[in-house]
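Because the structure is predicted, anything quoted here is derived from the model rather than measured. Residue numbers begin at 1 in each chain, while the letters A, B, ... track the order of the sequences.
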Amino acid sequence: MDHNLGQESVPADKSRVLNVKPLRTLVPVFPSPSNPSSSSNPQGGAPFVAVSPAGPFPAGVAPFYPFFVSPESQRLSEQHAPNPTPQRATPISAAVPINSFKTPTAATNGDVGSSRRKSRGRRGQLAEEEGYDNTEVIDVDAETEGGSSKRKKRAKGRRASAAATDGSGVAAVDVDLDAVAHDILQSINPMVFDVINHPDGSRDSVIYTLMIYEVLRRKLGQIEESTKDLHTGAKRPDLKAGNVMMTKGVRSNSKKRIGIVPGVEIGDIFFFRFEMCLVGLHSPSMAGIDYLTSKASQEEEPLAVSIVSSGGYEDDTGDGDVLIYSGQGGVNREKGASDQKLERGNLALEKSMHRGNDVRVIRGLKDVMHPSGKVYVYDGIYKIQDSWVEKAKSGFNVFKYKLARVRGQPEAYTIWKSIQQWTDKAAPRTGVILPDLTSGAEKVPVCLVNDVDNEKGPAYFTYIPTLKNLRGVAPVESSFGCSCIGGCQPGNRNCPCIQKNGGYLPYTAAGLVADLKSVIHECGPSCQCPPTCRNRISQAGLKFRLEVFRTSNKGWGLRSWDAIRAGTFICEYAGEVIDNARAEMLGAENEDEYIFDSTRIYQQLEVFPANIEAPKIPSPLYITAKNEGNVARFMNHSCSPNVLWRPIVRENKNEPDLHIAFFAIRHIPPMMELTYDYGINLPLKAGQRKKNCLCGSVKCRGYFC
DNA sequence: GATACTTCAATGCG
DNA sequence: CCGCATTGAAGTAT
């Protein structure tokens, strides 16, 4: 019956289409071990507990993100937490059997390879015991160990071959991208797979999944662009990385579900469709409507679960709480335009409207920092209020669906709209104390804002955009730089700067760090390449419209009006370089809150054990930003940071040229506070006090130094 | 189960 | 800067 309906062209008589069975009890359409009734959910949505331990958020307050939950962190916070934050039940422990989260014992230190193998075996066993779908168990060797169902993709053979383009007679180099991907997956902390490999996602699993995807994507892109030759056509590292993740099962929430997706928070942003696919937010790789088929939903009707509105059709984005969404179809690349039909996604939306189902909405926007790309904003749960058919500009029938945002959810898309208004001067930014605290020292203004209390501003300091007084730093190896007149080009094996970075440019074409290795070698004063060279990213100054703002309990903090992609350079740590003795003295007396100390111990990037230790810096570096500094001096500490630092060495003949650069660890939505891990100074210096940490993260160590 | 089809991508070129 | 062709991969439909 439905089948027949689906075959019809757009009916003039809509009542026929809408002849839907009466609303029945909403049976969960996804497997859930518990809580089969959704009646307790005030929003009438899926019977999943709210994901965020901190929620619900009051209107107008952006959710606080870094709620990592992992066995490891649980343990840590239980042991240390001197300023106990209220212990909240985590969604994980509530939703799944405890024994599925046995903490890996041998896995966290020592030989990565052997612990991996052990861990993998244990996981396979675990999966059987728990009755999990074994195909979801992450096994990085899945392909090579011979899954016959994978042969189709395998046969394509991802291989980038590099001919010697520089005439130096170097033989062609073959790089097997699958092998590269495999190596990267092998280098991941096995604990991470234990978190990811679970039917229900968590904040951790989502963040880990996205982090791994980014590393894969950037690395594959870096290799491919440096080995370009016979390869024609579009390079799509986003698809390659995504496909690897899919085939290896490195993904979260692989079971499609209606309503909230555990671990994905409203306001989360994405830069590729595949990212949303991998975390279970929106599974089609291209299509705009995601839906459960009648078979999958165990119902007689398909039901919509999520939509992406990003300009592919003539949508009306409404006032921020309403969206007029166009149905799919009616466009065929060969046959041209036609009437849309009530089938597939359109049918699912129609049914969902009558059921009153939750529909997730993702809004795609042009990324102002990279106009060629898009940014996708997860805007939470909407309900379909109305549907109709209208004539599009093409003259053919198009389905339209009116969706209204469910009230009481954290702000997401409306933040973007507000910022746009500030940009257009259509509305003023409230609470501005200073329009530009850099006094023009940066290319973009950095405003000082307080809409929290009566503080008029931070203590006086002089704004300087970069490091000064480099005495105190031991000279680094002298270097004569490169002679890449038009800028260093990927694949140029003769460029000494590229050689110092292991044969690749350290930055992608989009300007992201391709790799999280410990030291980045940039071109410098002794290079002949222009300032626009891709290997001078940290020298271009601020790009983001940052603001220094008053936090509720941590003094002043730093955040950005612009979304920041994972891997993007944000700023350096400017200030005055001091020697160890002076740093010790100032630090010991807790006189200087603005010391950067490269020797502190950091817990960086637990996903990649090789990068956990502090970066290998050529020589210790101590910077004070108390009297002179830049925006970095306002970045607060967090035990679950969204920013990290890396040392950068710039090619310079005689002078030391070492800088501290901050990069985004993950995508950071606008107006979210930027934080990094200050690290721990051990042993404590005489007289030095630990400072209570107020980061609020589940992984909070309780203090920093 | 294999295969075809659909699809609000993402790139790079002109 | 934008229009266009090109290449693509998951999931659904057949």
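- Look at N243(A) and you'll find a side-chain N or O under 4.0 angstrom from OP1 or OP2 of dA10(C).
- Distance K374(A) NZ to dC8(B) P: 10 Å, rounded to the nearest Å.
- Heavy-atom nearest nucleotides on DNA chain C were determined for S285(A) and for P371(A), and the one closer to the 5' end corresponds to P371(A).
- For F399(A) and dT7(B), the CZ to C1' distance is 17 Å, given to the nearest whole Å.
- Rounding to whole angstrom units, CG of residue L349(A) and P of dT7(B) are separated by 13 Å.
- For the pair R203(A) and D268(A), the salt-bridge criterion is met [side-chain N within less than 4.0 Å of a carboxylate O].
- In this model, the phosphate group of dT7(C) is not approached by any side-chain N or O of K240(A) to a distance below 4.0 Å at OP1 or OP2.
- D238(A) places its CG atom 13 Å from the C1' atom of dA10(C), with the value rounded to the nearest Å.
- Listed pair Y376(A) / dA10(B) meets the phosphate criterion, a side-chain N or O lying under 4.0 Å from OP1 or OP2.
- Looking at heavy-atom distances under 4.0 Å, D315(A) makes contact with a base.
- In this structure, the side chain of Y325(A) engages the main chain of V308(A) through a donor-acceptor pair within 3.5 Å.
- Residue contacts for S310(A): at a heavy-atom cut-off of 4.0 Å it reaches a base atom on one of the strands shown.
- Checking side-chain atoms of R273(A) against main-chain N and O of A287(A) turns up a donor-acceptor pair under 3.5 Å.
- When each of F274(A) and T293(A) is assigned the nucleotide of DNA chain C bearing its nearest heavy atom, the one mapping closer to the 5' terminus is F274(A).
- For dT11(B), the paired base is dA5(C) (Watson-Crick or G-U wobble, both distances below 3.5 Å).
- Between Y291(A) and dA10(C) there is no side-chain N or O to OP1 or OP2 distance below 4.0 Å.
- The nearest whole Å value for the distance from the NZ atom in K235(A) to the C1' atom in dT11(B) is 9 Å.
- For the pair N332(A) and F271(A), both in contact range of DNA chain B, the more 5′-proximal nearest nucleotide belongs to N332(A).
- The side-chain tip of R534(A) does not point at the ring of Y507(A) from less than 6.0 angstrom away and within 45° of straight on.
- Between R344(A) and S372(A), the residue anchored nearer the 5' end of DNA chain B, judged by the nucleotide with its closest heavy atom, is R344(A).
- Rounded to an integer number of Å, the gap from I307(A) CD1 to dG11(C) P is 19 Å.
- In this entry the distance linking CZ of R273(A) with C1' of dA10(C) reads 10 Å, nearest Å.
- Distance CD1 (I289(A)) to P (dA9(B)): 12 Å, rounded to an integer number of Å.
- Side-chain atoms of K256(A) come within 3.5 Å of backbone atoms of Y291(A) as a donor-acceptor pair (strictly under, hydrogens ignored).
- For R251(A), the listed nucleotide lying nearest its side chain is dG11(C); candidates were dA9(C), dA10(B), dG11(C).
- Residue L239(A) places its side chain closer to dG8(C) than to any other of dT6(B), dA10(B), dG8(C).
- Side-chain atoms of R333(A) and base atoms of dT7(C) include a donor and an acceptor less than 3.5 Å apart.
- A centroid separation of 6.0 Å or more is found between the aromatic rings of F270(A) and H667(A).
- The ring of Y325(A) lies on top of the base of dC8(B), close enough and flat enough: under 5.5 Å between centres, under 30° between planes.
- Among the heavy atoms of the strands lying under 4.0 Å from G329(A) are primed sugar atoms or P, OP1, OP2 only; no base atom is included.
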